[in-house]
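Read the structure below first, then the notes.
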Amino acid sequence: MSSSIYLDHAATTPLAPEVVQAMAPYLESAYGNPSSIHRYGKKARRALEEARTTVAQCLGANADELVFTSGGTEADNLAVLGVTRALLEKPETSAKRHLITTAIEHSAVAKPFAYLEKTQGYRVTYLGVDAEGIVSLEDVRSALSEETVLVSVMHANNEIGSIQPIEAIGELLRQHGILFHSDAVQTAGKLPLDVNKLNVDYLSLSAHKLYGPKGVGALYVRRRSLAPVPLIFGGGQESGFRSGTENVAGCVGFAEALKLACASMAEESDRLRALQRYFIDGVLEKVPSAVLNGPSDLSKRVPGNVNFSFPPGEGEALVLQLDLKGVAASTGSACKSTSIAPSPIVLATGKPEPIAQASVRFSMGHHTTREMLDEVVETLYSLMVRYREKMPLV
Ligand code: PLP
């Protein structure tokens with residue numbers, strides 16, 4: 001293995017050169033505080049509002065429907081905790097305590113729900129998924145009750161890439177007047193996102209998954225839907241939804257990254273889907289014991305995501321072995337990369353524990369080529385031969 005191969009774009013991406021260029025002035029000369037009323041402040045304010053308009057346009061939203069946050073995690077927390085707090089403040093919903101989410105959410109959604117369940121007296125339904133990791137509309141329908149006030153279903157799963165039927169779920173919930181949040185952190189810039197087609201009230205985004213900077217994201221809040229109660233109080237920035245001096249350079253970089261991703265989306269997703277197919281076929285041919293996690297129909301999968309289990313290997317050990325060979329992959333959510341538990345996502349698809357323990361996510365990006373994937377397939381093959389021979393991995 002000569003080179004270093006990065007196949008962890010679902011964890012994070014490098015900054016696109018255009019993004020670095022767009023951000024630079026706001027890190028160097030145009031460093032004003034957007035709340036200041038002098039020319040420095042005005043310049044920063046203009047850049048911030050232009051960034052908001054750009055992000056909104058990419059989503060089919062209005063600029064005043066976007067709250068910039070410190071990333072996907074904060075956007076998810078603001079949606080789940082902020083909206084439930086707002087519901088408690090309304091007399092007609094204050095007594096209703098049923099929430100619905102899925103068993104495959106990222107911890108940035110799952111943990112706020114667990115908190116509400118454990119400490120705030122909510123009943124939470126965690127919807128299961130099918131063998132490909134997809135929630136069924138019928139399950140959402142049957143889980144609804146008179147008490148249901150908020151539903152959160154991610155647009156696509158971060159480990160196995162399964163795309164959820166957000167449009168249909170949103171339509172159903174709208175008929176029942178129930179608020180709907182979706183975490184689109186893994187799909188923004190990869191799949192078309194139109195908040196009106198998706199029928200969502202709230203949508204979470206993060207810049208660093210789409211060649212933008214870390215530490216910036218946004219929550220879309222539909223104008224006519226219930227506004228969340230802020231989680232962070234202070235100077236009233238972001239229309240009071242998120243106090244704190246705005247990360248101007250970050251927001252400018254986010255907007256540039258999303259604009260670039262939207263402009264090349266069709267072409268790039270075709271390229272990534274071809275690479276996905278090539279890699280899946282290559283792995284299955286060379287390592288027939290490998291088990292594909294998530295949809296095999298690539299139209300149901302985020303472009304660039306591949307997730308395999310390699311029994312009897314153990315996910316973490318394989319990721320470390322791959323790293324020694326110059327290949328960066330992941331066991332799933334980067335936030336959990338120190339734990340050795342089986343993947344709850346793979347378990348949720350009905351696979352047994354040894355398979356859920358052996359899962360590795362490969363996520364491709366702008367610079368991924370067939371040649372790189374050939375090298376990775378060869379590396380996996382040699383690692384699996386060692387496993388079979390029960391040789392120590394060195
Ligand atoms: N939601 C999903 C689906 C994710 O994959 C991630 C990041 O891994 C997050 C939320 C958190 O986003 P951020 O890293 O911007 O806080």
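Atoms within each ligand, like the ligands themselves, are counted from 1 in listed order.
- Applying the 4.0 Å criterion to heavy atoms of Ser206 picks out, from ligand 1, the atoms 13 (P), 15 (O).
- Atoms of ligand 1 lying under 4.0 Å from any heavy atom of Gly71, numbered from 1 in the order shown and given with element: 15 (O).
- Between Gly72 and ligand 1, an N or O atom pair is found at a separation short of 3.5 Å.
- Between Glu105 and ligand 1 there is no heavy-atom distance shorter than 4.0 Å.
- Checking Thr12 against Lys214 by side-chain atom types alone, a donor-acceptor pair falls below 3.5 Å.
- Per-residue contacts place Gln186 under 4.0 angstrom from the following atoms of ligand 1 (heavy atoms of the residue considered): 3 (C), 4 (C), 5 (O).
- Ligand-side atoms of ligand 1 in range of Lys209: 6 (C), 7 (C), 8 (O), range being under 4.0 angstrom from any heavy atom.
- Lys351 and Leu347 make their closest contact through O-CD2, 3.6 Å (heavy atoms, listed as atom of the first residue, atom of the second, distance).
- No side-chain donor-acceptor contact under 3.5 Å links Thr13 and His208.
- Under a 4.0 Å criterion applied to the non-hydrogen atoms of His208, ligand 1 contributes the atoms 13 (P), 14 (O), 15 (O).
- Of the candidates Thr73, Thr187, Thr12, Asp183, the one placing a heavy atom closest to atom 10 (C) of ligand 1 is Asp183.
- Here Met154 has side-chain heavy atoms under 4.0 Å from ligand 1, and that is the only part of it that gets that close.
- Ring pair Phe310/Phe308 is tilted by interplanar angle, where 30° to 60° counts as tilted.
- The two atoms that bring Ser152 and His181 nearest to each other are OG-ND1, 2.8 Å, heavy atoms only.
- The closest side-chain donor-acceptor pair between Thr349 and Glu132, if any, does not fall under 3.5 angstrom.
- Between Asn293 and Ser309, the side chains place a donor N or O and an acceptor N or O closer than 3.5 Å (distance only, hydrogens not considered).
- Below 4.0 Å from some heavy atom of Asp76 lie the following atoms of ligand 1, by number and element: 1 (N), 10 (C).
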